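Reviewing the structure listed below.
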Number of protein chains: 2
Amino acid sequence: MSEREIYEATPRSTVNRLKQRAVYDHETVHAIIDSAPVLHVSFNPTWYDDDPFPTILPMLGCTGSYTPADASETSPPAVYLHGHSASRLMKLPSNPLDDSLPGVPVCVAATHIDGLVLALTPFNHSCNYRSAIVHGWAVPVTDYDEKMYALTLITDSMVPSRWSHTRIPPTEVEMKSTGVIRVNIVSASAKIRAHTAGDDAKDLADTEMRRRVWAGVVPMNVVYGEPVPTAGNLVEEVPRYIEEWRERENDGNVKYSREVASRNAPKK
Amino acid sequence: MSEREIYEATPRSTVNRLKQRAVYDHETVHAIIDSAPVLHVSFNPTWYDDDPFPTILPMLGCTGSYTPADASETSPPAVYLHGHSASRLMKLPSNPLDDSLPGVPVCVAATHIDGLVLALTPFNHSCNYRSAIVHGWAVPVTDYDEKMYALTLITDSMVPSRWSHTRIPPTEVEMKSTGVIRVNIVSASAKIRAHTAGDDAKDLADTEMRRRVWAGVVPMNVVYGEPVPTAGNLVEEVPRYIEEWRERENDGNVKYSREVASRNAPKK
């Protein structure tokens, strides 16, 4: 990217508390979403049966920008989600209350927990985390080429280049029973905490108490274990593209969570 | 528990797809919530400004059942959430559209990803996971004793017995600026996938392809790294209650993700 692109800080996406933790640039928001092993998608199934409760589905997905071959401009980035065609979100009408709306209004959340922050007081306990929230209009992807683009992207976001190492192309039945949703982003933001525990001056002055209470951060990260083949797997060794990805992820995750655990708090 | 308690399978909570993965018993649902390092809470801030989008907040919390000293019966289990008194969910009126409702309608999701399921075809790719969803009425906890109960519970759900190893009791200012929400559970369910990759008979018959495509599960789990003290920490060694918990969690997480990776699929 030659220029740093930023999501506009709307009332919906503006971080209200601890503003120094907020970030709005595309790169940071997209990286948090694309490295999350699962996304949480919230929507209102209300429209079916007057139920007042929103619901949440854990889904697989990632950001992408699909530009049809005949288009003159690049499409704006969107979140692509993957699910069975029979799942609830896939079957939602765009909005029976108001079909002038351009899709189902959804919220997509991606959260990484990078450490438990154990301060001197319970009140100052916290987590190190990277969190992204997107609000947007969910629409089903029906165009064959865009669907193929999204399925490739989502599969490769699990393990890079996995798509091309599987039995492809998908059959017609597989394409029909797989649903893909594009969330056209309306607003987005991210919030990051990445530093050591912070305590109040009064508690820090109490050395007797500080000799009793351990204060610091327990780093946390996701680890990918040794791959376990199926009983019928015929490939003798775990392929290099899997092992290299696994090593890179594990190293990166450990280093990040450990490194931020000792960082000083940013100035307020 | 002498009897196995079960959440009723309501239309809202009934798992629609892959029903063999659904579980409704209290023990399973609560264990998934209580071992999740973060909860995702969805609600509709709509009522403020006509915004059609639900939103999601990542929050810390766990299940609990608070019974006041003078009560004759045990309270039903609820989800307790913790946040700053100034955060958006804490400030929501119960429901300006209909104040006869017994709280803010929310959805709470807890998700663990236990492995990436790499099948022969992209279509059969999946994840091993444990996911719990609760729908309920969120109400602020104002009673001092219940708030203390919930804060102790949530702190100890980060690291067992952490509360008693910190500077307690909280000051009056700390109690005021910490908000606690109780979600009175209306419906709840869990969904679990815990087995190896599954492929279609047609693909399994293609041995030429199977010699090319590695099939199996990459186990995933959260690891707690070596604790990093603050610059001002005065406790020389990391306390035993932290190290023992860390070891137990790390061992358990690794074992579970690895063990389920080789399990056969349950009969449909």
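Within every chain, numbering begins at 1; the chains are lettered A, B, ... in the order of the sequence lines, protein sequences first and strands thereafter. These numbers were taken from a predicted model, which means no experiment stands behind them.
Atoms CG and OG, from A/Asn44 and B/Ser42 in turn, are 7.0 Å apart once rounded to the nearest 0.5 Å. For the atom pair CG of A/Leu151 and CZ of B/Phe123, the computed distance is 10.0 Å after rounding to the nearest 0.5 Å. Here B/His135 contributes atom NE2 and A/Asp51 contributes atom CG; the two are 7.0 Å apart, rounded to the nearest 0.5 Å. How far CE of B/Met59 is from OG1 of A/Thr111: 12.5 Å, rounded to the nearest 0.5 Å. From A/Ser257, atom OG reaches atom OH of B/Tyr224 across 12.0 Å, with rounding to the nearest 0.5 Å.
Looking at B/Val159 and A/Leu118, their side chains come closer than 4.5 Å, going by heavy atoms from C-beta outward. Looking at B/His125 and A/Thr166, their side chains come closer than 4.5 Å, going by heavy atoms from C-beta outward. For the pair B/Thr196/A/Val228, no side-chain contact is recorded, criterion being any heavy-atom separation below 4.5 Å from C-beta on. By the 4.5 Å heavy-atom criterion applied to side chains, A/Val38 and B/Cys127 are not counted as neighbours. Counting heavy atoms from C-beta outward, B/Pro105 and A/Phe53 have side chains that approach closer than 4.5 Å.
Looking at A/Ile242, only its side chain comes within 4.5 Å of chain B, counting heavy atoms on both sides. With a threshold of 4.5 angstrom between heavy atoms, A/Glu226 approaches chain B through its backbone and through its side chain. Interface remark: B/Val217 contributes backbone and side-chain atoms alike to the contact with chain A (heavy atom separation under 4.5 Å). Interface remark: B/Val134 contributes no atoms to any contact with chain A (heavy atom separation under 4.5 Å). Residue B/His165 touches chain A through its backbone alone, counting heavy-atom pairs closer than 4.5 Å. The contact between A/Thr55 and chain B is made by backbone and side chain atoms together, counting heavy-atom distances below 4.5 Å. Contact annotation for B/Ser131: only side-chain heavy atoms (C-beta onward) come within less than 4.5 Å of a heavy atom of chain A.
Between B/Val222 and A/Met220 the shortest heavy-atom distance is CG1-CE, 3.7 Å.
With B/Arg167 as the partner, the salt bridge (Lys or Arg N to Asp or Glu O under 4.0 Å) test is satisfied by one option alone out of A/Asp203, A/Asp199, A/Asp200: A/Asp203.
One N or O on the side chain of B/Asn233 and one on the backbone of A/Ala215 form a donor-acceptor pair closer than 3.5 Å.
Ring pair A/Tyr241/B/Trp214: centre-to-centre distance not below 6.0 Å.
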